[in-house]
2 protein chains.
Amino acid sequence: MAEVQLQTQTRADEAFDCLQTAIVKGDLAPGEKIGEVELCSRFNLTRGPLREALGRLESRGLLVRRPHAGVKVVSVSADELIELYRIREVMEGLAARQAAERMTDEEIRDLRATLDSHETMIEEARGQAYYQAEGDYDFHHRIATGSRNTKLAQMLLGDLYYMVRMYRYRLSTSAGRPHMALGEHRRIVEAIAQRDGELAEFLMKRHINAARQNIEKKIQEGVLTI
Amino acid sequence: MAEVQLQTQTRADEAFDCLQTAIVKGDLAPGEKIGEVELCSRFNLTRGPLREALGRLESRGLLVRRPHAGVKVVSVSADELIELYRIREVMEGLAARQAAERMTDEEIRDLRATLDSHETMIEEARGQAYYQAEGDYDFHHRIATGSRNTKLAQMLLGDLYYMVRMYRYRLSTSAGRPHMALGEHRRIVEAIAQRDGELAEFLMKRHINAARQNIEKKIQEGVLTI
DNA sequence: GTACGCTGTATTGTTGACAATCCGTGTGTT
DNA sequence: AACACACGGATTGTCAACAATACAGCGTAC
């Protein structure tokens, strides 16, 4: 609830960020109808910038708007969540391949260091949740930007990840999954280090496939209800 | 310049459509800086709805905005155009595979009929440009929606195609390319009709790969300067 | 008893004026 | 002559009031 805010960006940007994180974190539940004036008082904004932010969020598919009828947070069904992973599979596969061709040696070093820090975190057994939520995101983030494909990174970071994280927040991680995921990450990085784009793509696709199957299993078990 | 307009949608939607088509058609040149008041008088709007539309367009990557410094149409470099086709390759490959699994028999019939009409258009030699510009778009549009993957269709139809069409408008089609593209389309449809998702994906990826190479060649020849 | 239509209220969409910020131009200095 | 700084104008960002529309509740007709 800090009143201090970066003055460099505009209020509309601020509203956009606030709403986006609120939706992703679940403070605004999926399917929830939200009034403009309520949001204004909640985030200390006026309706002008707010509406601009709402337009952007609608365009990104995080909420739906019906004329004169209000705006409500998008609710993604279980099937649609699975579909999201199918998209990630092909797009991040491409990102991994291009990253193998274009990442600098320095970036690869940083990537390895990131995985090392993740490993210690997991071994110390504190912060499994952190690893799953933020560490995994960090890894994929670096690959996306490392692809040097502006539009690809934009679509992954700006569209897909937010929708996935929106559900990952309420998704408890399976027992051995973080450790297994880390191993998969390591192999992907090694393929990138060897500049083997084809292998990196294959491994990344398999990695996301495994994550998808993990979620599918949970949904069938009824652990995750959407 | 028709004054009549659908009253069902809001002014912001109208502004969004107007600007989007203006950018795609080239009425607003890439890199061109545009003032808000000028746009208002040009499209008979006020600044409120206009700004909302600008926010949406920025979010989709069709224009960039610097705070207090104005907004200008995004200019995509030749390299970035190529990267767009790399993205299309994997995403439309996925779309073709899922379309093969999920399209109804009726949709497949319609798709075949569409290709037939394209064929007569090409043979009559009138409307090569039409085929390349709109017919091709029509084909890929149907595949995307036929995938039954909401987000995938949204990303293809809402993001990628507009950026591609923005440059296709000034791209003269190669001599024999439309006829060859039609043949590739036919083979993709047959794979879908046989419910062979793997093959459909492969053929679609190769199809877009060919289109990309066609553009790369033109850029190297200096025919297309971006 | 149910279905249809009407009206009131609350919410959204729009407008025009006001405030904050940046860019170009001009002048002064080195 | 070239650079730095400051000022004015123009443009963007923000605000609060006005108009238009949809939803809910009630009444009436069938």
Side-chain angles (χ1 to χ4, degrees), chain A residues 2-20 22-23 27-75, chain B residues 2-20 22-23 27-75:
Chain A
E3 190 59 41
V4 62
Q5 57 208 9
L6 300 180
Q7 291 292 352
T8 66
Q9 59 184 358
T10 174
R11 307 277 292 222
D13 292 331
E14 190 189 333
F16 180 75
D17 289 338
C18 285
L19 282 172
Q20 182 153 324
I23 292 172
D27 296 343
L28 266 49
E32 183 179 350
K33 182 187 173 296
I34 44 184
E36 292 188 359
V37 287
E38 184 194 335
L39 290 176
C40 288
S41 60
R42 193 156 160 182
F43 294 110
N44 277 42
L45 302 162
T46 59
R47 287 182 54 214
L50 180 84
R51 285 182 59 82
E52 207 178 311
L54 289 179
R56 287 204 265 183
L57 287 167
E58 184 197 17
S59 182
R60 292 205 177 181
L62 261 70
L63 45 82
V64 291
R65 208 140 63 129
R66 264 198 358 228
H68 299 279
V71 30
K72 70 180 210 276
V73 181
V74 73
S75 65
Chain B
E3 191 59 41
V4 62
Q5 58 209 5
L6 298 180
Q7 291 292 353
T8 66
Q9 61 184 357
T10 174
R11 307 280 293 223
D13 292 331
E14 189 189 334
F16 179 75
D17 290 338
C18 285
L19 282 172
Q20 182 153 317
I23 292 172
D27 295 344
L28 266 51
E32 183 179 351
K33 183 188 172 296
I34 44 184
E36 291 187 0
V37 287
E38 186 195 332
L39 289 176
C40 288
S41 61
R42 194 155 158 182
F43 295 110
N44 278 41
L45 301 162
T46 57
R47 285 183 54 215
L50 180 85
R51 284 181 61 82
E52 207 178 312
L54 289 178
R56 288 205 265 182
L57 287 167
E58 184 197 18
S59 182
R60 294 207 177 179
L62 260 69
L63 45 81
V64 292
R65 211 143 57 132
R66 262 196 3 227
H68 297 99
V71 34
K72 71 179 210 276
V73 181
V74 74
S75 64

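Order of the sequence lines fixes the chain letters, A, B, ..., with proteins taken first and strands second; residue numbering starts at 1 for each chain.
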Between B:R60 and B:Q20, which heavy-atom pair has the shortest distance, and what is it?
NH1-OE1, 4.2 Å
For a quick test of reading the model, state the closest non-hydrogen atom pair linking B:G31 to B:S75 and the distance between them.
N-CB, 4.0 Å
Rounded to the nearest 0.5 Å, what separates atom CG in A:L62 from atom CD1 in A:I23?
5.0 Å
Take atom [atom1] of [X] and atom [atom2] of [N], then tell me their distance rounded to the nearest Å.
{"X": "A:L50", "N": "D:dG13", "atom1": "CG", "atom2": "P", "result": "16 Å"}
{"X": "B:L54", "N": "D:dT14", "atom1": "CG", "atom2": "P", "result": "14 Å"}
{"X": "A:L39", "N": "C:dG13", "atom1": "CG", "atom2": "P", "result": "13 Å"}
{"X": "B:K72", "N": "C:dC22", "atom1": "NZ", "atom2": "P", "result": "17 Å"}

So which protein nitrogen or oxygen atoms get under 3.5 Å of nucleotides 6-11 of chain C's nitrogens or oxygens?
none

Using a cut-off of under 3.5 Å, enumerate the N/O to N/O pairs linking the protein to nucleotides 14-16 of chain C.
from	atom 1	to	atom 2	distance (Å)
C:dT14	OP1	B:T10	OG1	2.8
C:dT14	OP1	B:R11	N	2.5
C:dT14	OP2	B:T10	OG1	2.8
C:dT15	OP2	B:T46	OG1	2.2

Donor-acceptor contacts under 3.5 Å from residues 45-55 of chain B side chains, at least two apart:
from	atom 1	to	atom 2	distance (Å)
B:R47	NE	B:E36	OE1	3.0
B:R47	NH2	B:E36	OE1	3.1
B:R51	NE	A:E52	OE1	3.4
B:R51	NH1	B:E36	OE2	2.9
B:R51	NH2	A:E52	OE1	3.2
B:E52	OE1	A:R51	NE	3.4
B:E52	OE1	A:R51	NH2	3.2
B:E52	OE2	A:R65	NH2	2.5

Can you list everything that forms a side-chain contact (heavy atoms from CB on, under 4.5 Å) with A:A22? Sequence neighbours excluded, please.
A:D27, A:L28, A:F43
For C:dG13 and A:R65 - does any side-chain N or O of the residue sit under 4.0 Å from the phosphate oxygens OP1/OP2?
yes
Overall bend of the helix from C:dG1-D:dC30 to C:dT30-D:dA1 (five pairs an end, 10° steps) is 20°
